[in-house]
Amino acid sequence: MRKLLVALAFVVLGVVAVLGWMRPRDAPAPPPVAATPTPSPTPVLSAQARLAAAVAVAFKDGRARTDEGRQRYTFDADKLVDTPFGPVLISEGSVVDPGHVSAGRIDIAYLRPEGTGFALVRNYPAAAIAGSFGRLSSWQVDERFADMPTLRTEGGFTGQGITCSAVVLTELRPTGPVEMAQVPIGVDNTGSGLPGADDSVEGSFTDIRRNQGFAVRYSGSKAFTDRWERRGDRYVLTGPSQVPEC
């Protein structure tokens with residue numbers, strides 16, 4: 001029995017020795033990994049700051065421009081439109097010291113993002129012209145007429161007692177703004193004093209079908225509807241119109 005216990009003791013000591021030999025040695029600690037710097041987020045400009053940045057690029061020489069006829073315009077109303085091909089700045093210009101026949105105008109600038117602001121791709125001065133006494137009546141961007149945003153510019157003129165107003169439709173295409181139609185929107189000849197001059201009509205757009213056509217419904221001294229359809233790059237009137245001539 002005593003011999004058996006001694007033998008078992010030697011076996012245990014052998015196993016412990018073997019396990020100690022097999023135990024992995026302490027590996028040197030790996031060098032510390034340098035922390036990856038967290039990139040700073042690109043500043044996001046507010047709508048007001050984006051508009052200011054666009055104006056600064058498009059009007060780097062100031063907020064006044066002179067046309068070929070030496071007529072000077074100042075620009076004080078702007079809208080930045082994000083189109084599928086990039087940002088577009090629309091700016092309204094009014095004539096300084098206007099005459100009766102002076103029209104207001106819209107200047108358009110195509111831009112591209114650059115850093116936190118914009119770079120100028122191209123300016124399109126007088127992309128739309130309308131109105132009298134140096135001003136437009138109104139303008140807005142409408143998404144219903146074409147694949148690209150369409151600028152609706154309205155202006156009127158009064159002469160010899162006859163008042164006429166029209167809407168100019170300008171599509172903002174990737175290649176530049178293109179006038180699609182000039183639509184008479186109102187006529188009033190009752191102030192002319194001419195025999196039979198008793199027409200006063202005003203129109204409103206209806207049944208707008210993108211890239212296909214639209215209607216203008218007139219009311220006033222008579223009621224009727226004109227229809228326009230797209231042919232190529234323009235909208236054209238289909239059939240004769242009852243709008244009085246201006």
Side-chain angles (χ1 to χ4, degrees), residues 51 54-55 58-59 61-81 88-109 123-142 145 149-172 176-194 196-205 216-222 226 228 234-235 237 241-246:
L51 179 59
V55 169
F59 290 91
D61 296 325
R63 297 285 275 161
R65 289 173 175 167
T66 303
D67 66 11
E68 295 178 354
R70 308 304 299 169
Q71 197 159 232
R72 191 164 178 80
Y73 288 81
T74 57
F75 295 81
D76 55 7
D78 310 274
K79 182 179 181 63
L80 185 62
V81 181
V88 173
L89 180 69
I90 303 171
S91 303
E92 177 183 355
S94 303
V95 178
V96 178
D97 298 325
H100 187 186
V101 298
S102 300
R105 83 183 205 187
I106 294 287
D107 282 20
I108 294 176
N123 262 324
Y124 295 91
I129 299 175
S132 59
F133 289 104
R135 295 198 66 88
L136 307 171
S137 298
S138 64
W139 60 275
Q140 66 183 84
V141 177
D142 199 314
F145 289 91
T150 300
L151 176 65
R152 287 176 51 174
T153 309
E154 184 172 349
F157 180 87
T158 299
Q160 298 181 336
I162 302 175
T163 299
C164 304
S165 58
V167 169
V168 180
L169 298 177
T170 306
E171 186 179 6
L172 305 178
V178 176
E179 182 179 303
M180 301 185 71
Q182 290 194 22
V183 182
I185 208 71
V187 175
D188 187 339
N189 60 19
T190 57
S192 68
L194 298 174
D198 57 359
D199 288 316
S200 179
V201 297
E202 185 174 353
S204 59
F205 287 92
V216 182
R217 185 175 298 148
Y218 295 88
S219 59
S221 58
K222 53 186 175 182
D226 280 351
W228 297 67
R234 291 183 57 84
Y235 280 111
L237 180 66
S241 173
Q242 299 182 57
V243 177
E245 292 187 5
C246 284

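The first residue of the sequence shown is numbered 1, and numbering continues consecutively from there.
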Report yes if the side chains of [X] and [Y] come closer than 4.5 Å at any heavy-atom pair, otherwise no.
X: I106; Y: Y124; value: no
X: Q140; Y: K79; value: no
X: P244; Y: V201; value: yes
X: Y73; Y: D107; value: no
X: H100; Y: F133; value: yes
X: L169; Y: E179; value: no
X: V168; Y: W139; value: no
X: P184; Y: Y218; value: yes

Main-chain N/O of [Y] paired to [X] side chain as donor or acceptor, under 3.5 Å:
X: R105; Y: A127; result: no
X: D226; Y: V216; result: no
X: Y235; Y: F145; result: yes
X: S138; Y: E154; result: no
X: S192; Y: Q160; result: no
X: R63; Y: F75; result: yes

Taking all atoms of both residues into account, what is the closest heavy-atom pair of [X] and [Y], and its distance?
X: A103; Y: I129; result: CB-CG2, 3.4 Å
X: L136; Y: A130; result: CD2-O, 3.2 Å
X: W228; Y: L237; result: CE3-N, 3.4 Å
X: N123; Y: A58; result: ND2-O, 3.6 Å
X: S102; Y: G99; result: OG-N, 2.9 Å

Atom pair [atom1] ([X]) and [atom2] ([Y]), whose distance is rounded to the nearest 0.5 Å:
X: L151; Y: M180; atom1: CG; atom2: CE; value: 12.0 Å
X: D142; Y: F205; atom1: CG; atom2: CZ; value: 8.5 Å
X: L89; Y: L51; atom1: CG; atom2: CG; value: 6.5 Å
X: S204; Y: I185; atom1: OG; atom2: CD1; value: 7.0 Å
X: D198; Y: T190; atom1: CG; atom2: OG1; value: 8.5 Å
X: C164; Y: N189; atom1: SG; atom2: CG; value: 8.5 Å

Problem set entry | R72 and T66: CA distance, side-chain angles, deciding distance, side-chain hydrogen bond (donor to acceptor under 3.5 Å, both in side chains) verdict | CA-CA 4 Å; R72 191 164 178 80; T66 303; 3.1 Å; yes

Exercise. Hey, are D67 and R65 close enough for a salt bridge, meaning a charged N less than 4.0 Å from a carboxylate O?
Worked result: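 R65 and D67: not salt-bridged.
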
For this session: For E202, look at atom CD and say whether over 12 heavy atoms of other residues, nucleotides or ligands are found less than 6.0 Å away.
Result: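 Counting neighbours around CD of E202, 12 or fewer heavy atoms of other residues, nucleotides or ligands fall under 6.0 Å, so no.
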
